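Chain letters run A, B, ... following the sequence lines, proteins first, then strands; residues in each count from 1. All of these numbers come straight from a predicted model, not from anything done at the bench. As a basis for the values below, the full set of heavy atoms in this structure was taken, side chains included, without hydrogen atoms, waters or symmetry mates.
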Number of protein chains: 2
Amino acid sequence: MKASASAPAVRRSTVNPAPKPDGAAERGADAYLQLRNEIVSGRFHPNERLVEADLARLLGAGRNAIRAALVRLDQEGLVALEPNRGARVRLVSDREALEIEEVRVILEQMIIRHAARRVTAADLRDLRRSVDQMRERLSEGNPLGYSELNAEFHQRIWTIADHGTASRLLANLKSQSIRFQYRTILRPGRTEQSLREHEAIVEALASRSPDESEAAMRQHLSQVVQTLQWAIDVQRHQPIWLPR
Amino acid sequence: MKASASAPAVRRSTVNPAPKPDGAAERGADAYLQLRNEIVSGRFHPNERLVEADLARLLGAGRNAIRAALVRLDQEGLVALEPNRGARVRLVSDREALEIEEVRVILEQMIIRHAARRVTAADLRDLRRSVDQMRERLSEGNPLGYSELNAEFHQRIWTIADHGTASRLLANLKSQSIRFQYRTILRPGRTEQSLREHEAIVEALASRSPDESEAAMRQHLSQVVQTLQWAIDVQRHQPIWLPR
DNA sequence: GTTTAACCGATTGTCGACAATATTAGGGAT
DNA sequence: ATCCCTAATATTGTCGACAATCGGTTAAAC
């Protein structure tokens with residue numbers, strides 16, 4: 001009915017953390033989720049103009065739904081909406097990416113303390129399986145797959161912690177800085193180290209100690225921040241697309 | 001042009017932390033800000049239905065603008081939007097209020113570390129003046145005025161810290177839990193203690209030590225959380241409005 | 001008396017048309 | 001060739017009308 005022939009059947013990527021966890025759909029939810037996916041998965045570049053009519057045709061929705069979706073994405077920080085001038089994919093600056101990561105760090109630290117108190121044997125089994133899969137991807141030389149599993153791993157911890165507010169914020173922050181995450185994969189040797197850090201996190205959780213878990217997570221995230229800083233420095237000297 | 005005669009000229013309350021700091025107005029911004037103010041300042045009760053046509057008449061806007069505003073407020077968490085069933089003021093549960101406060105605590109701790117590194121002599125003067133005014137309000141026996149200044153005080157710190165991401169999140173969180181804040185004022189002796197804590201925060205900032213500042217802020221916020229917990233317990237035994 | 005079914009008013013969802021505004025293109029003037 | 005002004009086009013903003021849906025009410029059946 002709504003999946004028109006021209007709409008390119010957006011696949012639900014693991015990169016989308018589903019900001020509204022419960023099943024209740026809300027106003028213009030379909031167009032919103034589709035657009036969100038297109039942006040987060042990088043189909044639109046930053047600063048690219050988002051013309052309502054085009055999007056409506058592309059997603060097989062009314063201009064109405066597109067409008068609602070854009071407002072929502074603007075509020076979420078993924079899109080910049082200027083009066084009478086339409087919408088663009090919001091470009092997050094280096095500085096903002098670091099700010100975001102900084103907030104992410106403290107939220108993840110807080111959330112893992114909750115997780116450590118609530119984690120069950122089944123949860124630990126799932127987490128270990130996640131890490132095993134990551135190890136596989138690593139040995140396959142599949143850094144993109146590793147990154148997906150990485151996201152899944154962290155989301156699993158959010159679920160265990162059962163802290164809706166923090167999870168929501170984290171999901172939003174992550175979607176805003178996703179573009180930077182991709183670059184961080186490229187750092188040589190980083191994934192191996194990352195894997196060890198994840199293993200340490202699982203073991204800390206297994207001990208059910210909030211302090212140890214937070215320490216392990218802090219250790220991990222401080223490395224992530226460093227890698228992000230590295231990625232930014234690299235990009236600054238070898239910009240991908242020059243200012244015109 | 002658009003400010004029709006029937007619109008009741010919403011006053012800009014200090015309770016509104018202006019989620020978009022920069023002057024650039026966005027789509028349906030006016031109706032959004034007005035509605036937001038009406039909700040945050042408590043003119044609509046939780047769970048109250050928000051009928052588009054009524055709001056349009058009330059705010060002197062088109063149904064269109066109202067719709068956009070509602071979508072925005074839904075994304076922000078102040079309004080719950082159900083398909084074909086309209087919008088209601090979202091009721092935040094006790095548990096959620098505590099979650100929000102928990103996140104607020106760690107964000108404020110993080111932000112004050114930044115503030116401690118950046119604070120200027122002029123900033124300290126402003127902060128001290130804020131505290132002086134709070135002392136005045138306290139001696140006047142004006143707890144509501146105190147509460148407003150309290151919000152202003154914290155916002156001043158956000159400004160000093162210059163951390164846009166954290167400020168934005170804090171503003172959103174605060175607006176969601178505003179209803180609970182009002183109750184916390186009622187605790188006997190709390191305001192006096194709160195004032196002393198604020199003084200301690202200013203002095204810590206004056207020392208420009210992130211650690212001391214964070215400690216002072218933590219001391220303050222742990223009290224705030226305790227007071228919130230107290231307010232929730234009181235309310236649970238003396239509910240203001242009974243479930244019908 | 002209770003339950004079910006059909007109806008009606010109220011409200012939201014969607015579409016199309018047009019007005020308002022911005023962006024681009026074209027055509028002199030210097 | 002460059003700049004500036006004007007016209008044409010593209011895009012967003014707003015309104016009104018109507019379809020779809022919901023909640024409650026009345027009426028009918030058992």
Side-chain angles (χ1 to χ4, degrees), chain A residues 1-7 20 22-35 38-39 44-45 47-75 78-90 244, chain B residues 1-7 20 22-35 38-39 44-45 47-75 78-91 243-244:
Chain A
M1 179 188 287
K2 70 194 53 168
S4 87
S6 64
K20 291 265 178 169
D22 67 300
E26 60 270 341
R27 192 168 291 180
D30 40 357
Y32 161 65
L33 288 177
Q34 287 184 50
L35 241 185
E38 300 280 339
I39 292 171
F44 298 118
H45 349 196
N47 264 333
E48 180 172 348
R49 255 192 101 180
L50 299 173
V51 177
E52 295 177 2
D54 296 350
L55 297 176
R57 220 169 343 98
L58 185 68
L59 304 181
R63 198 154 74 92
N64 233 320
I66 299 297
R67 245 152 179 285
L70 288 175
V71 167
R72 197 160 278 190
L73 290 166
D74 173 70
Q75 192 73 12
L78 282 171
V79 150
L81 214 48
E82 282 178 301
N84 288 322
R85 307 191 55 197
R88 319 183 151 265
V89 178
R90 202 164 87 91
R244 65 190 210 86
Chain B
M1 182 185 290
K2 70 194 50 170
S4 87
S6 66
K20 291 267 179 169
D22 67 300
E26 60 270 342
R27 191 169 292 179
D30 40 356
Y32 161 65
L33 288 176
Q34 287 184 52
L35 240 185
E38 301 280 337
I39 292 171
F44 297 118
H45 343 203
N47 263 335
E48 180 171 347
R49 256 193 99 181
L50 298 173
V51 177
E52 295 176 2
D54 297 349
L55 297 176
R57 219 169 343 97
L58 185 68
L59 303 182
R63 199 154 74 90
N64 234 318
I66 299 297
R67 241 148 185 286
L70 288 175
V71 167
R72 199 160 272 183
L73 290 165
D74 173 69
Q75 190 73 13
L78 282 170
V79 150
L81 213 47
E82 282 177 301
N84 289 321
R85 306 189 58 197
R88 316 183 153 267
V89 178
R90 202 165 86 92
L91 175 82
R244 67 193 212 84

What integer distance in Å separates [X]:[atom1] from [N]:[atom2]?
X	N	atom1	atom2	answer
Asp54(A)	dA10(D)	CG	C1'	11 Å
Leu81(B)	dG13(C)	CG	C1'	12 Å
Leu70(B)	dG13(C)	CG	C1'	13 Å
Asn64(B)	dA20(C)	CG	C1'	14 Å
Asp74(B)	dT12(C)	CG	P	14 Å
Tyr32(B)	dG13(D)	OH	P	17 Å
Glu52(B)	dC15(D)	CD	P	14 Å
Arg88(B)	dT11(C)	CZ	C1'	12 Å

Ignoring hydrogens, what is the shortest heavy-atom contact between [X] and [Y]? Give both atom names and the distance.
X	Y	value
Leu59(B)	Ala31(B)	CD1-O, 4.0 Å
Ala68(B)	Val71(A)	O-CG1, 3.8 Å
Asp74(A)	Leu81(A)	OD1-N, 3.3 Å

Presence of [X] side-chain N/O under 4.0 Å of [N] phosphate oxygens OP1/OP2:
X	N	value
Arg63(B)	dT12(C)	no
Arg85(B)	dT11(C)	no
Arg67(B)	dT12(C)	no

Base, sugar-phosphate alone, or nothing: which one does [X] contact when heavy atoms must sit under 4.0 Å apart?
X	result
Ile66(B)	nothing
Leu50(A)	sugar-phosphate
Asn84(B)	sugar-phosphate

Could you check Arg49(A) against Arg49(B) and say which one's nearest nucleotide on DNA chain D is further toward the 5' end?
Arg49(A)

Is there a side-chain contact (heavy atoms from CB on, under 4.5 Å) between Arg72(A) and Arg72(B) once you walk through the steps?
CA-CA 6 Å; Arg72(A) 197 160 278 190; Arg72(B) 199 160 272 183; over 6 Å; no

Keeping the roles fixed (side chain from Arg90(A), backbone from Val79(A)), state whether a donor-acceptor pair exists under 3.5 Å.
no

